[in-house]
There are 2 protein chains.
Amino acid sequence: MDETGNQAALWASIRDALEADLAAGLYAPGDKLPSEAQLAARFCANRHTVRRALASLAEAGIVHARRGAGVFVTARPTRYRIGRRTRFHQNLHAAGLHPEKRHVRLETRPADAREAQALDLAPGAPVHVWEGVSIADGTPIALFRSVFCAARFPALKEALAQTHSVTVALARCGLEDYTRRETRVSVSIADAIKARHLMLDPGAPLLRTVGINVDPQGRPVEYGRTWFAGERVELVVGDE
Amino acid sequence: MDETGNQAALWASIRDALEADLAAGLYAPGDKLPSEAQLAARFCANRHTVRRALASLAEAGIVHARRGAGVFVTARPTRYRIGRRTRFHQNLHAAGLHPEKRHVRLETRPADAREAQALDLAPGAPVHVWEGVSIADGTPIALFRSVFCAARFPALKEALAQTHSVTVALARCGLEDYTRRETRVSVSIADAIKARHLMLDPGAPLLRTVGINVDPQGRPVEYGRTWFAGERVELVVGDE
DNA sequence: ACGGATTTGTGCGTATGTATG
DNA sequence: ACATACATACGCACAAATCCG
């Protein structure tokens, strides 16, 4: 019988008990659960029965097992909302996290072909490039690279260096508002450099977004690429 | 020198030429490019210069190299738009692809906790579950699992079996219109079963979306989970 | 760098209760 | 009443990955 009827199966009770423990914060995200043998002893059940319960939790993405290591509480992915008004600080602050941005590179250089096309500039036109790591509550969330037209926003580089915020820096340069025209999402694999910045293993899956922010007249102002740590982020679209 | 202004660097020209070839469809996704030596001969440049161009393409995710094998065109043809009006057939048909859905499972069973919560049902309430593979031009794009309230749409199972279309089947059951309330995007890793369905290697990264479609009154009607083949799909959000 | 202990993954065998026809 | 199928539960053994001294 499923859990359809009169009596709950033992494994389902174990799952519920573990789920309650997790909800109560007894085990924090990233923590290792007691070994299957220990759990079997605690619930006075066979290890297979415990495994059935753990499988149910794993299927729901609540825990995940690593052979030889243990069963771990899946770190709650931070929900990152993407839409017409994607703002990093607002986004994470609303989620109760402490957002932070660390500089990796900030320079002015000629645009390459893709950047020029995205920003509707002549190839080789000077652009400000800001690269950094987005951090929430101390753990790196994403690596970003934003490109802006340097001719239109001459003072943007200093503004970014001072404010660490695209929204504020653009406002200082006279742009009151901007919106996201389109975001494309794909997967990519962390190379050695991205892995180091994000504190991941090389080869870890990343969520790659490419977006263009436009001014109220619809002209592109920012060409942004972001690589999110796949295991730490869930993107949310809709319901703006 | 970079492409610092006056004159385009040779490697950039080579990259642009290759990119044009790719855009022209000269090399199809998955194809192997000519060897670096052959390309060097074609462009009358040193192999290092060709490698610089290929590196630029690889960095953009357009090609990827496999040591000892060659440089391959990254298969990322399908841009799949997600938004308030996500419709599989429309979506791919608009992209000039031939969409198709293959049944994997179609059954009625009690809802599990998550499904019940998503659809706002009592736990264990009967739901129709439709699972299948979305195919575009013969290659599998995604694995989907859709859950509907069986009490509200008693005839939906047959309608799905006949029409292979959520939109049409729901219309037959009296629901004229529905919209996507929210979509969550995350990465996951293909297990053996998903890999077989999607014709991928186990361990390949997937784009996982979880979405809820609601009727005009805002009541949830479909709880849909989809696993896209990461290397074959790019999700597009915005500009609806 | 290596070995042994720990932990999860997998397979098989057995037994029992329950729903189905 | 009976056979069958299925989910549940337990036990044992070994493989594979990991951890730690």
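A quick note: this is a predicted structure, and the numbers were derived from the prediction, not measured.
dT7(C) atom P lies 13 Å from atom CG of Leu33(A), rounded to whole Å. Rounded to whole angstrom, the span from the NE2 atom of His64(A) across to the P atom of dT7(C) amounts to 17 Å. Between Arg51(A) atom CZ and dT7(C) atom P there is a gap of 14 Å when expressed in whole angstrom units. Protein atom CG of Leu54(A) is 14 Å distant from nucleotide atom P of dT10(C), rounded to whole Å.
Scored by the side chain to side chain contact (heavy atoms under 4.5 Å, CB included) test, Thr49(B) finds Leu10(B), Trp11(B), Ile14(B), Ala45(B), Asn46(B) as partners (sequence neighbours excluded).
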Within the 4.0 Å limit for protein heavy atoms, which parts of nucleotides 16-21 of chain D are touched? Write it as a string from 5' to 3', B for base, S for sugar-phosphate only, - for none.
BBBS--
Can Val147(B) and Arg225(B) be said to form a side-chain contact (heavy atoms from CB on, under 4.5 Å), step by step?
CA-CA 9 Å; Val147(B) 182; Arg225(B) 283 163 287 184; 4.1 Å; yes
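Taking the six-membered ring for Trp and the full ring otherwise, Trp227(A) and Phe144(A) have centroids separated by 6.0 Å or more.
The shortest non-hydrogen separation linking Leu160(B) to Ala169(B) is CD2-CB, 3.6 Å. Between Leu200(B) and Ala229(B), the shortest heavy-atom contact is CD1-CB, 3.7 Å.
For the segment residues 34-50 of chain A, the set of residues with a heavy atom within less than 4.0 Å of an atom of DNA chain C comprises Ser35(A), Glu36(A), Arg47(A), His48(A), in numerical order.
Between Arg208(B) and Ser188(B), the side chains place no donor N or O within less than 3.5 Å of an acceptor N or O (distance only, hydrogens not considered).
A distance-only check finds no donor-acceptor pair linking the side chain of Gln162(B) to the backbone of Ala159(B) [under 3.5 Å].
Ring geometry for His164(B) versus His103(B): interplanar angle over 60°, hence perpendicular rather than tilted (30 to 60°).
Base pairing analysis places dA1(D) opposite nothing; no Watson-Crick or G-U wobble pair with both distances below 3.5 Å involves it.
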